[in-house]
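Below is one structure, written out as structure tokens; the observations come after it.
Worth knowing before you read on, the calculation uses all heavy atoms, side chains too, and leaves out hydrogens, waters and symmetry mates. Indexing begins at 1, ligand by ligand and atom by atom, following the structure's order.
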Amino acid sequence: MPTLADKKPNRPAQRAQGRPAAELIFGDLWEYDPAPETADPKIKSRYDLFIGGKFVPPASGKYFDTINPANETKLAEMALAGADDVAAAYRAAQKAQDGAWGKMPGKERAKYLYRIARLLQDRAREFAVAETMDNGKPIKETRDFDVPMAAAHFFYHAGWADKLAYIAPGRRVAPLGIVGQVIPWNFPLLMMAWKLAPALAMGNCAVIKPATNTPLSALKLAEIIQDAGLPPGVVNILSGPGSTGGLIMAHPQAAKIAFTGSTEVGKVIMRSVAGTGKRMTMELGGKAANIVFDDAPLDQAVEGIVNGIFFNQGQVCCAGSRLLVHEPVADAVVAKLRHRLKVLRVGDPLDKNTDVGAIVSRDQLETVRGYIDAGVQEGAKLWQPPCRLPAKGFFLPPTLFTGVTQSHRIAREEIFGPVLAIITFRTVEEAIEKANNTEYGLSAGVWTDKGSRILKMSTELKAGVVWANTFNKFDPASPFGGYKESGFGREGGRQGLLDYCKLV
Ligand code: TAP
């Protein structure tokens, strides 16, 4: 019977070096046939702002480059929005809110959301490639997760638009008005959908800013919004720097602001709008514990750990970046993890075989490297699989740290990269205490065979989401949000809609 090693094209070359066959598969670099994604991402050379249903140049005439982090080449020029553009966007939104959109019945609004969802599905492949090129995440993730999930959010909220009376029985729901929204770079298109779909279903208008690192899919979504015939001004999309985000959040016409990003910037925004009476949703950072007990199915748990921390290169707010592992199985879990990491494929994000793509930017790469250095300096034990990284682009091998204590920076701070800090525990109580010993509280994972233990853990863990025997599972119907410094408010489900309406 052919073995895995027999299928690897590099096997003869390595055999020539006289190494034993067993080492060739898991103990060394191995190559494979690339399977590049070839769909045309239809990227224009320049993107303007989307204000009042039209693409318009920025008032300043300034543009910035968005680059492909996998090869450091320029993808497109993006308009740089400033104060005049923010003012124009709010004027357009107010006009739409006071006009047709504000008066439109929910069942009519729903049709636009369905249309956006379907158009996104029609252009799914193109969006997946463009998003991968702008962000660096593997094509299998944009193709199978980001784009379909973004469409699912529009479908789900379209379904609510004519049933809003049921989200708060006995009360009348009304839109808030204009919402100012700012999103991060880790799930650019999906975060657009998370923000826009509930706002529109509720009858609000939006002014939204994507991250500077990844503005492309937001402006491509503007094309879909235009094609869907959404009334002008209902959605306004402004690419630009953090200061533009500050202007969007602080604008007096914003009835609500919704921010997803770092806890640090979230606090700046909260201070800037304190006392204005604006409604707020804050989706901030995380430092999730993924907890493995000795009765867990270990192979399944290892897959969950890998998915938990290496999905999207670990640039995930709810990433399982702290592995808490029961002492009796700690050595076995670490051995299995090492074995698994040796066959993760790091490289070209457009290759359909790639498991770990590029880090979003040079700055983020340096930040993560800084944490790896800090882990070593503070005495944790570093392990990375043998890994040949591309010569250009921002890449890192999947990284494990053992011997981590709770005081280490890698155990306390959000790294936002492919770095796993492994900590052991002896009792259920110790696991709960260590998991909750963080300023964050966005998500957690529990791996065990016992239903009663799952119930106990999910009750006592201070996290917005607790996954049991799985990790990183999302559904538009399921509310997502944090405790403590991970933020407040929920996105998704009925609770998410309640954050976009007033009850009268
Ligand atoms: P941030 O640096 O906080 O940036 C997020 C967004 O805020 C970007 O669009 C950024 O613009 C903008 N921004 C920067 N300064 C601003 C200011 N003073 N006022 C208003 N907007 C401002 O985060 P990031 O590095 O893009 O994303 C990573 C962080 O997001 C992580 O902490 C992660 O945990 C968090 N995150 C949380 C969630 C949820 S659901 N909780 C989901 C995804 C990500 P520029 O891009 O131009 O700087």
Nitrogen or oxygen of Glu414 less than 3.5 angstrom from that of ligand 1: yes
Under 3.5 Å: N/O of Met249 near N/O of ligand 1: no
Trace of the salt bridge (charged side-chain N to carboxylate O under 4.0 Å, His left out) decision for Asp146 with Lys137: CA-CA 10 Å; Asp146 297 61; Lys137 60 175 71 188; 2.6 Å; yes
Residue pairs fulfilling salt bridge (charged side-chain N to carboxylate O under 4.0 Å, His left out) with at least one residue in residues 181-210, sequence neighbours excluded: Lys195-Glu491
Aromatic ring pairing Phe145/Phe187, orientation class (parallel under 30°, perpendicular over 60°, tilted between): perpendicular
Over all atoms of both residues, closest heavy-atom pair of Phe395 and Val346: CD2-CG1, 4.4 Å
Any Phe394 side-chain heavy atom under 4.5 Å of Glu72 side chain: yes
Atom 12 (C) of ligand 1 - nearest protein heavy atom and its distance: Val182 CG1, 3.6 Å
Top protein contact for atom 25 (O) of ligand 1, by heavy-atom distance: Trp185 NE1, 2.9 Å
Aromatic plane relationship, Phe480 with Trp467 - under 30° parallel, 30 to 60° tilted, over 60° perpendicular: tilted
Atom indices of ligand 1, in the order listed, that fall short of 4.0 Å to a heavy atom of Pro241: 47 (O)
Shortest protein heavy-atom distance from atom 41 (N) of ligand 1, along with the residue and atom involved: Leu284 O, 2.6 Å
Step-by-step side-chain contact (heavy atoms from CB on, under 4.5 Å) determination, Asn312 to Asn186: CA-CA 8 Å; Asn312 198 14; Asn186 58 344; 3.9 Å; yes
Protein contact to atom 27 (O) of ligand 1 [nearest heavy atom, distance to 0.1 Å]: Pro184 CB, 3.3 Å
Atom indices of ligand 1, in the order listed, that fall short of 4.0 Å to a heavy atom of Ala211: 9 (O), 46 (O)
Phe259: numbered ligand 1 atoms lying under 4.0 Å from its heavy atoms: 3 (O), 5 (C), 6 (C), 7 (O)
Polar atom proximity, Phe480 to ligand 1 (N or O, under 3.5 Å): no
Residue pair His251, Val207: steps toward the side-chain contact (heavy atoms from CB on, under 4.5 Å) verdict: CA-CA 10 Å; His251 199 281; Val207 177; over 6 Å; no
Heavy-atom closest contact (Ala96 atom, Val234 atom, distance): CB-N, 3.8 Å
Lys209 N/O under 3.5 Å from ligand 1 N/O: yes
Distance filter under 4.0 Å to Asn186 heavy atoms, resulting ligand 1 atoms: 43 (C), 44 (C)
Residue, atom name and distance, where the atom is the protein heavy atom closest to atom 13 (N) of ligand 1: Gly242 CA, 3.6 Å
Nitrogen or oxygen atoms of Ile269 and ligand 1 under 3.5 Å apart: no
Steps toward side chain to side chain donor-acceptor pair (under 3.5 Å) verdict (Asn290, Trp447): CA-CA 8 Å; Asn290 203 358; Trp447 298 83; 2.8 Å; yes
Protein contact of atom 39 (C) of ligand 1 - nearest heavy atom, named by residue and atom, plus distance: Cys317 SG, 3.2 Å
Cation-aromatic face contact Lys484/Tyr440, 6.0 Å, 45 degrees: no
Lys/Arg N to Asp/Glu carboxylate O, Arg362 vs Glu366, below 4.0 Å: no
Sub-4.0 Å heavy-atom contact, Gly240 with ligand 1: yes
Check: Thr399/Gln384 side-chain N/O donor and acceptor closer than 3.5 Å: yes
Shortest protein contact, atom 23 (O) of ligand 1 (heavy atom only): Ser262 N, 3.4 Å
Polar contact flag for Thr260 and ligand 1 (N/O pairs, less than 3.5 Å): no
Heavy-atom proximity to atom 20 (C) of ligand 1, best of Gly246, Gly286, Pro215: Gly246
Backbone N/O of Lys140 and side chain of Thr142: donor-acceptor pair under 3.5 Å: no
Which of the ligand 1 atoms, numbered from 1, are nearer than 4.0 Å to a heavy atom of Val265: 3 (O), 13 (N), 14 (C), 15 (N), 16 (C), 17 (C), 22 (C)
Verdict with reasoning, Asp65 to Lys74, per salt bridge (charged side-chain N to carboxylate O under 4.0 Å, His left out): CA-CA 6 Å; Asp65 293 345; Lys74 174 176 162 181; 3.6 Å; yes
Close-contact set for ligand 1 against Thr212 heavy atoms, below 4.0 Å: 45 (P), 46 (O), 47 (O)
Identity and distance of the protein heavy atom lying nearest atom 9 (O) of ligand 1: Ile183 O, 2.8 Å
Region of Phe416 that comes within reach of ligand 1 [heavy atoms, distance under 4.0 Å]: side chain
Numbering as shown, the atoms of ligand 1 that approach Gly245 to under 4.0 Å (heavy-atom distance): 19 (N), 20 (C), 21 (N)
Nearest-option assignment for atom 35 (C) of ligand 1, heavy atoms, candidates Ser443, Gly261, Gly464: Gly261
